[in-house]
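Below is one structure, written out as structure tokens, with a few remarks after it.
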Amino acid sequence: RRSSDLVLQRGDVFKAAQARSRKKVIFEKQWIFLDNAVGQSYGTTFEIAGGGKLLPLMKKEGTTAEIQEAGADNRNIVDDGKSQKLTQEDIEALKEKGMKGEEIVQHLIENSTTFRDKTEFAQEKYIKKKKKKYESVITILKPSTRLLAMMYYAREPGKICNLRYDTLAQMLTMGNIHAGSKVIVLETCAGLVVGAVMERMGGFGSIIQMYQGGDPGRAATDCFGFPESFLDTLHEFPLSKVKILLSGRLTLESLEETKDFHQTGEEHNGSVDEKQAVPEDTKLSSFDKVLEHNHSEEQDLMKKSSGDFKNQKGEEERKDKKDQAFEKKKRQMERRKRDIVTGNLLNERNADGLIVASRFHPSPLLLTLLDFVAPSRPFVVYCQYKEPLIDCYTKLREKGGVINLKLSETWLRNYQVLPDRSHPKLTMSGGGGYLLSGITVVREDVLPDLKRMELQKTEEPAPKKLKLEEVGS
């Protein structure tokens, strides 16, 4: 349907888009319109026709060219660039005639002098390579964590801290993310980790996103196309207010004071200065006052016609500024109220998990946020480098309150699985980052305080004890 989020696929290349009417989308150096994709199911393959229109492609049985003859091996084939009779000008002429990519591939096969001498495997590889180059075919897929993670890692890995899709899957597993849980997420990966957690939870539970700066980045989260019910489970809280929250002073009044005290102070000082400046006018003589009054009257008469228009325009501008200021203040008040609600959720200190994937040093963030996690709950920290995680590991060992600490490195290698041709691919990722995981427990220095609180709850009130002692005596 219209305004639905989707993922365009062409070979191993992905791009997130949105189905809007008459909106031009540039994908792999081709511009297309997604109007004809509305009403089609996910997974449909389209052919790009003239004018950027999409035409559903019907599946055909068999390959582009039936392989009738094949050589025993490729030892006699020499790659001298002369095996293809068609030149680039001939191929461009075929395109101008409106010939489809499949027909162009067929012409290339017929005009190749070495195609029949290649082995069957080499012929299939040749056909696949030419189809990828000349056939304008795309597939529309439903957004998912795997597709978006692969898209970001291939196109813009720096925006997601070089977080690979298999590492993200391990984070969700180690963090025990499931429906109905309460998870704290701190990430600077364009909202990819938050979107993955939301997809895994399925709209049940609550997610508290900690963020640095003025607004949490959720560019990747918006690409998932979650319904409103999913977004209702997502909360946000700034890292700059964690210190106020831990001190127990997170109230609406305190937030207003921190934001507006400086501004109100300046306004108040300005008004006092203006009032103090008024008595200086009384120093003027009466003759000077009369001259000034007459001069002002002459100016008013001369500018009366043009002044009306300017005054009207000025009033409109002042009204617009007042409206903008009112809307800004209203948004600030709504954000402060949301911060109060999210702060109360954090103050319960019963989070079921913690996930950290940030470009900042994780040690102070992790040590602070672990106070909001309930005992016997998992936590996972991702970092592109191992040295910050080693620092975290050492500090957690010194502080205590965690068990089963593990520092691991993710490793991935793709394999080609085909009949008689299964082998590891030559190209692979050099590294997928490092993960630090563990489980929270109650520290020994906290146990006496907890026992004391439990005893205070179970003990009888002091007046009752006195009465029993008096009766017994």
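One-based numbering along the sequence shown.
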_With a 4.0 Å cut-off on N to O distance, would you call Lys182 and Asp352 a salt bridge?_
no
*Sequence-distant partners of Glu387, side chain to side chain donor-acceptor pair (under 3.5 Å), two or more places apart*: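 None.
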So does [Y] get a backbone contact from the side chain of [X], meaning a donor-acceptor N/O pair under 3.5 Å?
X	Y	answer
Ser247	Ile244	yes
Asn111	Lys85	no
Thr368	Pro364	yes
Ser376	Ile439	no
Ser136	Ile48	no
Gln84	Leu108	yes
Thr119	Ala122	yes

*Which residues satisfy the side-chain contact (heavy atoms from CB on, under 4.5 Å) test with Val441, sequence neighbours excluded?*
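In terms of side-chain contact (heavy atoms from CB on, under 4.5 Å), with neighbours along the sequence ignored, Val441 is linked to Ile403.
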*What residues, two or more places apart in sequence or in another chain, satisfy side-chain contact (heavy atoms from CB on, under 4.5 Å) together with Pro388?*
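Partners of Pro388 by the side-chain contact (heavy atoms from CB on, under 4.5 Å) criterion, ordered by chain and then number, come out as His361, Pro362, Cys383, Tyr385.
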Measure the spacing between [atom1] of [X] and [atom2] of [Y] and express it to the nearest 0.5 Å.
X	Y	atom1	atom2	result
Ile138	Arg10	CD1	CZ	8.5 Å
Thr44	Leu6	OG1	CG	11.0 Å
Leu345	Ile207	CG	CD1	12.5 Å

According to the side chain to side chain donor-acceptor pair (under 3.5 Å) rule, which pairs have a member within [range], sequence neighbours left out?
range	answer
residues 424-437	Tyr153-Ser429, Arg164-Ser429
residues 225-238	Arg218-Glu236
residues 185-198	none

I'd like to check [X] versus [Y] (side-chain heavy atoms, cut-off strictly below 4.5 Å). Are they in contact?
X	Y	result
Lys15	Glu28	no
Tyr126	Ile109	yes
Lys337	Glu334	no
Asp420	Phe121	yes
Leu186	Phe360	no
Ile208	Phe372	no

More than 12 non-hydrogen atoms from neighbouring residues, nucleotides or ligands closer than 6.0 Å to [atom1] on [X], yes or no?
X	atom1	result
His178	NE2	yes
Lys128	NZ	no
Leu426	CG	no

Can you give me every donor-acceptor pair (side chain of residues 404-413, partner residue at least two apart or in another chain, under 3.5 Å) with its distance?
{"residue": "Thr410", "atom": "OG1", "partner": "Thr167", "partner atom": "OG1", "Å": "2.9"}
{"residue": "Thr410", "atom": "OG1", "partner": "Gly432", "partner atom": "O", "Å": "3.2"}

For [X], give me all partners under salt bridge (Lys or Arg N to Asp or Glu O under 4.0 Å), at least two apart in sequence or on another chain.
X	value
Lys395	Asp391
Asp222	none
Lys159	Glu156

*Taking only residues at least two apart or on different chains, which pairs with a member in residues 19-45 satisfy ring-ring contact (aromatic ring centres under 6.0 Å, His included)?*
Trp31-Phe33
Result block: side-chain N/O donor-acceptor pairs under 3.5 angstrom for residues 142-151, not counting sequence neighbours:
{"residue": "Ser144", "atom": "OG", "partner": "Leu147", "partner atom": "N", "Å": "3.4"}
{"residue": "Thr145", "atom": "OG1", "partner": "Glu199", "partner atom": "OE1", "Å": "2.4"}

